[in-house]
Every structure is written in C-alpha cells, then in structure tokens.
Amino acid sequence: MSKLLVMTDLHLTSRGKRIIGLDPLQRFEEGLNHAATHHPDADRLILTGDLSHYGETKSDQHLAEALKNRPWPVSFLLGNHDERAKFRTSFPDCPTDGYGFVQSVVDLGKLRLIMLDSLDEDGRVPMHAGFLCEQRLAWLSDQLVAAGDTPCLLFLHHPPFMTGFTGMDAIRLQNEAELLDLIESGPIAHIFAGHVHRTVMSSVRGIPVTVFKSTCHQMPMQLGAEGSHHSVDEPGAYGIIL
C-alpha cells in the first residue's frame, strides 16, 4: 500500500506578507511540520498548484527552502497563480514533458501517478481558468497507453467538473470534455485537483474525483454580510491518500 500526501493552493508570498491576515508561508510550514511528524513514511508529497500567489521568484525560493530536508520526494504541479518560466528557473531539476510543460509520471509499485500542467498562459478568457492544449493531451494519451492496465491517479490544478461554487466553476478547466473523453475508457482510478480552496468529493463519468482545500485561506460556503470572499480554516490543511 502507498501513502501519498497532497497539499494545494499554497499561495506563498514574500516572508511575512499576508493574505486576509494570514501568513501563507507560515501555514504551509506548519502543515509540513505536522506531516513530517505524523506521516514521515509517506511515499511522496504532491503539490497541486498555486504554489505562489504572485508568481514571484522570491516565493519559489521560499518554497524550495521550506522543502529542504523533508522525508519525502516532491512532485510539483502549476496553477493559475504560478508562472511557468520563473518556476522552471527556480526548480531546474523538476521533470517536464517534451514540450516544456511541468508534467511528470511516477510509478509506485502497481500504481501510476500522472501530474498534469493545467496553467494557461495564452491569454484565453476567462482569466485564471485552466486549459490543456493539444500537446499536453497528447502527452497524457501516451502515458495512459504506456500504463496498460496499471491503475492511474491523475492530478491537476483545475477541476474538470462543476463543484457548485459558481465563481470557481467559471474558471475551472475550460476544455474538460476533451480530457474526460480521453480518460473515460482508460485506467484512471481517481482524479485529484485543487483551485477551489475547499474539500469536494464527487464523480465524473464514473471516475471518483477529490478536490482538496488550500493550506492557506478557504472559499466561504456562502458570502457573508460584507461579501467576504475567503474564510479561515485550520492551518496547514493537507490530504492523505492511502
């Protein structure tokens, strides 16, 4: 049995810079420390995008520092707040596909992990929505063929389905039908995503889907009297897959 740790939507900033009164770096480090204490035996940590809040090199450097001497290997995905070129400069050893996208595959025994890069930097509308271009989908198709009958876990930042959060649904994966058509008859056992800043569990075309909450600020279940757009939850939230 494999154990995986998943953290998403870190939204790291310069040290001490806050979002709605919260320090994203402090909360991420608290989550890492908790995971290292209670789950040092995990096979891998997967960070599913929005690693940075402003796409700054400085926040990528803070991320690298926070991950030093941790007990697990790390897989990175990119979200709509990240900048691909800056990230690749800060993490030159991070695997990419043949087109320069931050996509990778990890085989754990009889399980295959597939990490997709859903960051859209081509100016499509709406802003912050996700997109998987022809090259990224072709790469995914190749990985599924190579997997054969091996069960696969698919990770991406933008959910490929409606979550019920209207604002976030408007900026979900824009070509979700293309992705779902590709994987519907394949060996995908589960899809994992972030972006929504809430834990959501559902299924799409018969495939289970889990969306994890942010390690920092959370999406409110409804707008408050003052129209607040975020809420505070426990620090350092993360998901565990067994």
Side-chain angles (χ1 to χ4, degrees), residues 1-2 4 6 8-9 43-44 46-50 75-80 95-122 124-126 128-213 239-242:
M1 178 182 294
S2 299
L4 304 173
V6 183
T8 190
D9 295 274
D43 294 286
R44 182 164 291 267
I46 302 171
L47 303 178
T48 59
D50 279 1
S75 290
F76 300 93
L77 288 76
L78 299 185
N80 46 289
T96 58
D97 62 14
Y99 304 101
F101 296 107
V102 182
Q103 305 198 131
S104 60
V105 170
V106 174
D107 289 318
L108 291 176
K110 297 181 179 180
L111 187 68
R112 167 165 281 205
L113 315 181
I114 303 178
M115 276 65 71
L116 292 179
D117 180 345
S118 61
L119 169 60
D120 175 32
E121 293 185 316
D122 292 332
R124 294 181 179 85
V125 177
H128 287 301
F131 190 80
L132 294 171
C133 62
E134 180 180 346
Q135 289 88 351
R136 280 173 275 186
L137 289 173
W139 178 88
L140 172 59
S141 179
D142 290 342
Q143 309 317 310
L144 295 177
V145 170
D149 295 328
T150 300
C152 298
L153 304 183
L154 184 66
F155 297 83
L156 73 165
H157 181 73
H158 295 83
F161 72 109
M162 300 281 283
T163 65
F165 289 93
T166 305
M168 300 307 292
D169 285 342
I171 55 172
R172 68 188 190 278
L173 188 71
Q174 294 299 286
N175 60 331
E176 61 185 44
E178 289 183 77
L179 172 64
L180 297 175
D181 287 345
L182 176 60
I183 67 176
E184 186 173 17
S185 60
I188 300 296
H190 206 114
I191 301 171
F192 297 92
H195 192 48
V196 181
H197 290 231
R198 277 292 173 187
T199 299
V200 180
M201 302 185 72
S202 185
S203 65
V204 56
R205 299 202 190 178
I207 303 173
V209 182
T210 300
V211 178
F212 288 115
K213 64 177 65 176
I240 304 170
I241 305 170
L242 297 174

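This is a predicted model, so every value here is computed, not measured.
Heavy atoms only, all atoms of each residue included: P151 and A189 are closest at CB-CB, 4.3 Å.
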Could you go step by step and tell me if V211 and R198 meet the side-chain contact (heavy atoms from CB on, under 4.5 Å) rule?
CA-CA 7 Å; V211 178; R198 277 292 173 187; over 6 Å; no
Given the rule in the side-chain contact (heavy atoms from CB on, under 4.5 Å) test, do D43 and V106 qualify, once you have shown the distances and angles that lead to the verdict?
CA-CA 11 Å; D43 294 286; V106 174; over 6 Å; no
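Under the 3.5 Å distance criterion, the side-chain polar atoms of H195 are left unmatched by any main-chain donor or acceptor of T8.
Between atom CZ of residue F212 and atom NE2 of residue H197 there is a gap of 14.5 Å, rounded to the nearest 0.5 Å. T48 contributes atom OG1, which lies 6.5 Å from atom CG of L77 (distance to the nearest 0.5 angstrom). Atom SG of residue C133 and atom OH of residue Y99 lie 8.5 Å apart, to the nearest 0.5 angstrom. Atoms CG and NE2, on L116 and H158 in that order, are 12.5 Å from each other to the nearest 0.5 Å. Rounding to the nearest 0.5 angstrom, the gap separating the OG1 atom in T199 from the NZ atom in K213 is 4.5 Å. The CD1 atom of I188 sits 5.0 Å away from the CG atom of L144 when rounded to the nearest 0.5 Å.
Considering only residues two or more places apart in sequence or on other chains, P208 meets the side-chain contact (heavy atoms from CB on, under 4.5 Å) condition with H190. Residues passing the salt bridge (charged side-chain N to carboxylate O under 4.0 Å, His left out) test with D120, sequence neighbours excluded: R124.
Here the options are L140, L119, L182, L173, the test is side-chain contact (heavy atoms from CB on, under 4.5 Å), and the partner is L132; only L173 passes. Each of D117, D9, L78 was evaluated against H157; a single residue qualifies, D9, per the side-chain contact (heavy atoms from CB on, under 4.5 Å) test.
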